[in-house]
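The block underneath contains the structure these notes are about, expressed in structure tokens.
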Amino acid sequence: MIRTVATIPFDGQKPGTSGLRKKVPAFQQPGYSENFIQAIFDCIDGREGSTLVVGGDGRYWNRETTELVIRMAAANGFARVIAGRDGILSTPAASNLIRKRTAIGGIILSASHNPGGPKEDFGIKYNTSNGGPAPEKVTEAIYSRTQTISQYRIADGGHIDLGKIGFANLGAMEVEVVDPVVDYAALMETLFDFDAIRAMFASGFAMRFDAMSAVTGPYAHEILENRLGAARGTVVNGTPLPDFGGHHPDPNLVHAKELYDLMMSPDAPDFGAASDGDGDRNLIIGKGIFVTPSDSLALLAANAHLAPGYAKGLAGIARSMPTSAAADRVAEKLGLPLFETPTGWKFFGNLLDAGKVTICGEESAGTGSDHVREKDGLWAVLLWLNILAVRKEPVKQIVEAHWREYGRNQYSRHDYEGVDSDAANALMRELRASLGRLGGRVIGDLVIETADEFSYHDPVDGSVSENQGVRILFKGGSRVVFRLSGTGTSGATLRVYLERFDGNPQTMFGETQAALADIITAADELAGIARHTGRNAPDVIT
Ligand code: VG1
Ligand code: CO
């Protein structure tokens with residue numbers, strides 16, 4: 001039976017960088033999730049008779065919402081829903097399924113790196129038929145629909161067993177429950193030299209992969225241990241838990257500290273990696289060396305041709321604006337175009353669809369390629385493994401050789417979390433207002449060359465995205481960027497991105513925070529971080 005039900009007024013917080021993210025109790029209000037899902041469906045032209053993919057990162061409320069999406073899809077004319085078993089699909093695996101099964105789109109249930117549990121975060125995101133996050137014009141349309149909608153449609157009755165692989169019917173709609181790993185693992189086999197990686201593990205190469213009790217556990221067990229022969233126990237925290245074991249599934253040096261400490265100890269294996277809640281990010285640590293995501297992007301781009309899927313070379317490279325310019329140096333040397341986009345994977349979609357770029361990356365530990373339309377944590381790990389299997393050198397040696405060849409972009413991000421929203425907005429407002437006066441200003445040894453706010457002109461569809469972060473460029477190529485996070489669910493998070501280029505082998509191996517000290521001081525002076533936020537130090541340094 002199909003019911004039409006009145007929605008509740010939507011409280012109108014605009015979906016941010018990655019869809020709608022809120023605390024679980026917000027999504028549990030009767031009619032709330034329904035309102036957003038119906039608004040998504042209303043914005044899908046041609047949904048009658050089409051296929052929809054649904055799944056998420058396994059966090060609390062994932063399964064309930066997967067069932068809700070299926071029931072609403074049945075009442076909204078879809079012919080088929082493909083769901084991951086138990087409602088599980090990593091973000092890149094969902095992107096792959098949308099593409100492979102020519103679905104009209106997909107709904108991904110995740111709050112990525114944010115904590116999970118009954119009082120923690122949940123999220124709903126819509127991806128379009130190319131497998132990528134909906135572009136801004138679509139998310140804007142969905143948002144305005146939430147403001148006018150008064151009813152949603154849902155199919156009652158009928159049993160949905162998400163635990164069992166196979167086909168079932170809900171009214172006229174078919175529900176197909178799939179193994180979340182199989183298609184993704186098959187895709188990875190087409191890109192990487194599994195034989196070479198298997199031989200490397202067989203010869204004693206050791207690694208640790210921390211799945212952070214999030215979605216990548218089943219993927220990593222199957223690919224690393226079962227197919228590539230890594231020792232049992234390589235994958236730790238490999239079972240997805242609704243509350244991620246009480247941790248933040250954020251693969252950074254604070255939340256993946258255990259892995260970091262191991263990799264810096266005398267007992268370190270050859271390679272360490274971790275992924276986030278929904279499996280789209282990666283943390284890469286070699287024995288005795290943390291590889292910053294910006295450096296990792298540059299290194300992967302420079303060495304990608306060593307993997308079969310990229311043997312023909314790259315079409316181009318794209319990075320988000322706050323990501324360091326390390327990749328630019330690789331692009332220049334290889335004679336490739338380099339694109340600078342706003343933060344958020346949705347901005348890479350057009351470039352990838354148009355064949356202008358092959359590899360993309362963000363400083364926040366997201367790297368990916370044209371194999372799907374999302375960033376992909378395990379993909380990055382496998383590309384690293386493929387490179388290591390071919391070069392047969394330790395990670396540290398590869399990274400240091402890269403710096404010697406290209407120079408080093410010393411880089412760090414400082415996050416101030418849970419800042420009062422008014423204070424954070426005031427900081428950004430004052431900073432914006434000061435931009436016109438900053439050119440030529442001297443702070444210590446630094447001279448400001450330009451100061452502006454980044455706006456992006458999409459070279460494919462001509463759309464313009466404004467207010468994408470304040471950037472202050474110093475003479476000599478050092479830089480500080482300020483922006484507010486679009487993925488938080490309480491208060492504001494101020495992100496400060498700091499960068500200095502060092503081409504001198506006498507100094508480039510120095511410690512990062514020390515190398516950036518004068519830029520850190522200048523950042524506070526320019527933005528009044530302590531004055532506005534009352535904080536004297538960031539909460540997270542990566
Ligand atoms: C953060 C990162 C950004 C990333 C986004 C989604 O956004 O900075 O690079 O694309 O999270 O990542 P923000 O607005 O908080 O800075 V996740 O892994 O949703 O999937
Ligand atoms: Co994520």
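Nothing fancy with the numbering, it's 1 onward along the sequence. These numbers come from a predicted model, not from an experiment.
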Next on the checklist: For a side chain to side chain donor-acceptor pair (under 3.5 Å) check, start with the C-alpha distance between Thr343 and Gln468, then their side-chain angles and the critical distance, and finish with the verdict.
Outcome noted: CA-CA 7 Å; Thr343 293; Gln468 298 296 330; over 6 Å; no
Checklist entry - Under the side-chain contact (heavy atoms from CB on, under 4.5 Å) criterion, do Met173 and Val175 qualify, and how do the steps go? => result CA-CA 7 Å; Met173 191 182 81; Val175 180; 4.0 Å; yes
Checklist entry - Going through the distances and angles, do Asp415 and Arg413 end up as a salt bridge (Lys or Arg N to Asp or Glu O under 4.0 Å)? => result CA-CA 6 Å; Asp415 292 333; Arg413 186 177 95 186; 2.9 Å; yes
Checklist entry - Where do Glu374 and Lys125 land on the salt bridge (Lys or Arg N to Asp or Glu O under 4.0 Å) test, with the steps shown first? => result CA-CA 12 Å; Glu374 287 276 5; Lys125 183 173 86 156; 2.7 Å; yes
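Residues Glu34 and Met72 meet the side-chain proximity criterion, which asks for heavy atoms closer than 4.5 Å.
Neither side chain, Tyr416 nor Arg495, offers a donor N or O lying under 3.5 Å from an acceptor on the other. A donor atom on one side chain and an acceptor atom on the other are not found under 3.5 Å apart for Ser95 and Arg373.
Evaluation of the ring pair (Phe, Tyr, Trp, His ring centres under 6.0 Å) test over residues 209-247, restricted to residues two or more places apart or in two chains, returns Tyr184-Tyr219. Counting only residues at least two apart or in different chains, ring pair (Phe, Tyr, Trp, His ring centres under 6.0 Å) contacts with residues 83-112 are absent.
For Lys22 and Asp121, the salt-bridge test fails: no basic side-chain N is under 4.0 Å from an acidic carboxylate O.
In this structure, the ring of Phe78 has its center less than 6.0 angstrom from the ring center of Phe41.
Take Asp261 and apply the side-chain contact (heavy atoms from CB on, under 4.5 Å) test, not counting sequence neighbours, and it matches Lys257.
Taking CE of Met200 as the start and CG of Asp193 as the end, the distance is 10.5 Å to the nearest 0.5 Å.
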